[in-house]
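Following: one structure in structure tokens, then a few remarks.
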Amino acid sequence: MTFFQISMMAIIASVVVVGLLFVVFGEYTVRRLRKNPEVKDVLGFEYVSGRDIINVGMALSLPRKLMRKARQSKLSFMFADADILYQYTSRVDRWLARIFTYLFFLTSFGTLFIVILHNFKLI
Amino acid sequence: MAEILLCSQPMHADILENQCGISTEDIFGLNLNHTTPTLTPFKPYLLGQNPSTHDQCILGTLGSPSTALSLIELSQTIGADNLHAVAEIHSKLHEAKIHLDPVELSKGMVERTAGVIERHVENLQEAAVEYQKRLLELQQAKKADTRARALARQKAKIAFDKMQQHFRKEVKLVNGRKKVTPLNNFKRATNIATSSRNVAKLEVANQVEASKLAKLAKGAKVVGNVITVLDFGERVNKISTSYKEGGKWEREMFVESSSFATSAIIGEGVAEVGLLLLMATPVGWVGLIVGGVVIAGTAAAAAYGSNELIHENAGSTYDEIMKWIGG
């Protein structure tokens, strides 16, 4: 198998895993948050359905300083409020969020990297 | 030229004869046999004296009940004559990989640079992007005072009207190009138009038109006056076509689902990082809008690229895995 074939398999495998984590995190954590009147308004603007899952994941896994800055910017309505979310989530929720978010971005940019390499005929 | 009759309720042929002046002799079913006295709803029928096998082909293309249902809805919402035009635009936009969906329309940014789109479609697209921008502004203005909100609403309305205008122009252009007399039996057509909302009549000139219509019917969903075209529906369609034709539908499903999921993940990932970068830069309103369009364009390009890559290569990956499992 060539490097390209292996990376294709890795991409597809990680897409499946990210998809599963998306559902698990969405059902386990975010569904509970959506029902909670204290937090349901700070989950960020949902321009595609399900984006709040990614918003919550980002708020719980990226540095809090960065998320606070995001909440103060003009685009604050796009992001979830990390400080409030931390009060209503358990440790399991946060670790699930971190695994999901980092794998999500890794898959996203990893694939982008492969796409670029492939388009420039490097692999 | 085939004339297709569709109805949304069981309809007795006598009623049809009384109200619309169509005799039972002139109605043919799928196998070119004369129909039973009652017409089945959501099933296309052929009108005319001596239908050819060519007409039968056209009937077959529009044959599935879901297609017929969608076609009746569409022709009642936008009119049977406009339906062809919309189908034509849909297929043209589809060739350029653009979908009549506000979010998806930003993809047009990428395509435009490639210069594959005709000028007038481009206008429609620009208008749609503009409308999208105004909507985002309106979303922002929710927090502002009433005057700013009213202004944003006004602007969105203007952008919407402009988009509609371009869309109408496009419809007219396509309609004008056709040298088809819209209704070749005037009396019968007016009868159908006035007597019933449960019957729709379509005129289909050839197989190409029929397949365009069927494609539109599969992808489009009528929501009030708005048509939404779902990309996902077409992917599912590909899989089921492969299944029906006895092809390797599992393979097709693997290809479609992995390329859909990958492009969704890539697009969203790039968009999120873009947003974070955008929020970290101190820019004004214009900057935000321009930045938003750039992000949408980049995300769409990334999603588009990955879709291409996975779509082209997932098939051989599937074969590889199967070989591996099979030993």
Side-chain angles (χ1 to χ4, degrees), chain A residues 1-2 4-22 44-51 53-55 57-58 62-63 66-79 101-119 123, chain B residues 102-104 132 135-136 139-140 142-143 254-255 257-285 287-288 291-292 296 298-299 301-310 312-321 323-324:
Chain A
M1 264 194 287
T2 60
F4 180 65
Q5 277 174 327
I6 294 171
S7 54
M8 282 297 296
M9 281 192 190
I11 287 170
I12 292 169
S14 56
V15 163
V16 172
V17 175
V18 167
L20 285 174
L21 278 174
F22 183 78
F45 177 45
E46 202 174 357
Y47 61 76
V48 280
S49 111
R51 186 183 174 260
I53 300 175
I54 291 161
N55 281 341
M58 273 168 47
L62 298 181
L66 183 70
M67 290 319 291
R68 271 192 207 121
K69 206 178 160 199
R71 287 293 293 182
Q72 282 153 12
S73 73
K74 279 184 183 162
L75 287 174
S76 60
F77 70 99
M78 296 292 252
F79 301 97
T101 310
Y102 286 120
L103 197 62
F104 174 83
F105 283 115
L106 188 73
T107 308
S108 183
F109 283 85
T111 311
L112 191 60
F113 184 62
I114 301 287
V115 169
I116 291 168
L117 284 186
H118 187 69
N119 279 2
I123 51 171
Chain B
V103 179
E104 296 268 311
Q132 202 183 339
L135 278 186
L136 267 180
Q139 167 81 24
Q140 262 287 345
K142 264 187 186 165
K143 285 176 192 152
F254 183 82
V255 172
S257 58
S258 19
S259 56
F260 181 79
T262 316
S263 58
I265 288 178
I266 289 249
E268 179 58 21
V270 171
E272 291 301 330
V273 171
L275 275 176
L276 277 176
L277 287 178
L278 190 63
M279 118 359 233
T281 24
V283 284
W285 249 114
L288 283 185
T298 319
Y304 180 69
S306 64
N307 185 35
E308 293 271 285
L309 177 84
I310 304 290
E312 275 165 23
N313 298 298
S316 60
T317 308
Y318 177 84
D319 295 339
E320 197 71 33
I321 295 170
K323 215 163 66 194
W324 192 40

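Just so you know, these numbers come straight off a predicted model, no measurement behind them. Naming convention: chains lettered A, B, ... in sequence-line order (proteins, then strands); numbering from 1 in each chain.
The number of heavy-atom neighbours closer than 6.0 Å to CZ of A:Phe113, taken from other residues, nucleotides and ligands shown, is 12 or below.
Of all heavy-atom pairs spanning B:Ile266 and A:Leu112, the tightest one is CD1-N, 3.6 Å. Of all heavy-atom pairs between B:Val273 and A:Phe105, the closest is CG2-CE2, 3.9 Å.
Side-chain contact between A:Phe109 and B:Val270 is present, with heavy atoms from C-beta onward closer than 4.5 Å. With a 4.5 Å cut-off on side-chain heavy atoms, B:Leu309 and A:Met8 count as touching.
With respect to chain B, the highest number of heavy-atom pairs below 4.5 Å among A:Ile54, A:Asn55, A:Val16 belongs to A:Ile54.
Rounded to the nearest 0.5 angstrom, A:Gln5 CD and B:Glu320 CD are separated by 4.5 Å. Going from atom CE of A:Met58 over to atom CD of B:Glu272 covers 4.5 Å, rounded to the nearest 0.5 Å. Interatomic distance, OG of B:Ser306 versus CD1 of A:Ile114, reported as 12.0 Å (0.5 Å rounding).
Heavy atoms of A:Ser108 lying under 4.5 Å from chain B belong to its backbone as well as its side chain. With a 4.5 Å cut-off on non-hydrogen atoms, A:Phe22 does not touch chain B at all. Interface residue A:Leu62: only side-chain heavy atoms are found under 4.5 Å from chain B.
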*asked:* Assess the residue pair B:Asn313 and A:His118 against the criterion (side-chain contact (heavy atoms from CB on, under 4.5 Å)); give the C-alpha distance rounded to whole Å, side-chain angles, the decisive distance to 0.1 Å, and a yes or no.
replied: CA-CA 11 Å; B:Asn313 298 298; A:His118 187 69; 4.3 Å; yes

